Amino acid sequence: MQLYAIARIQCYLLVEQDGDSHSLRLHQLDSSHYVEERVAKAGETLTLTEPFRWQIDPATLR
């Protein structure tokens, strides 16, 4: 993740397996480090409007 920051990658999405389900964690670059912007766990939907609109439900991941 430090290399992402050095490369100035603005955001990344981390998918974690929590037993039988998944969680999504969106991190945004803030100066030289990343901060967690949003989290979606089982039963939730991650929705973004920037840089483009999209939604993803962790339950749809396999």
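Treat the numbers as computed from the prediction; the structure is a model and nothing was measured.
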- All side-chain hydrogen bond (donor to acceptor under 3.5 Å, both in side chains) counterparts of D20, not counting sequence neighbours: none
- Task: Test V39 against L24 for side-chain contact (heavy atoms from CB on, under 4.5 Å), laying out the working first.
- Result: CA-CA 6 Å; V39 177; L24 305 173; over 6 Å; no
- Which heavy-atom pair separates A40 from T45 by the least distance, and what is that distance? CB-C, 3.9 Å
For residues 51-59, please give each side-chain donor-acceptor pair under 3.5 Å, one per line with the distance, not counting sequence neighbours.
residue, atom, partner, partner atom, Å
Q55, NE2, T47, OG1, 3.2
D57, OD1, A59, N, 2.9

- Note on the structure: Here the gap from L29 atom CG to C11 atom SG, rounded to the nearest 0.5 Å, amounts to 9.5 Å
- Taking only residues at least two apart or on different chains, which pairs with a member in residues 27-44 satisfy side-chain hydrogen bond (donor to acceptor under 3.5 Å, both in side chains)? R25-E36
- Treat each ILVMFWY residue as a node, draw an edge where side-chain heavy atoms are under 4.5 Å apart, and state whether L14 and L48 are in one component. no
- Stepwise, does the side-chain contact (heavy atoms from CB on, under 4.5 Å) test hold for L61 with V15? CA-CA 9 Å; L61 302 175; V15 179; 3.8 Å; yes
- Task: With sequence neighbours excluded, give me every side-chain hydrogen bond (donor to acceptor under 3.5 Å, both in side chains) pair touching residues 2-14.
- Result: none
- Query: Under a single-linkage rule joining Ile, Leu, Val, Met, Phe, Trp and Tyr whose side-chain heavy atoms are separated by less than 4.5 Å, which residues share a cluster with I6?
  - Reply: L3
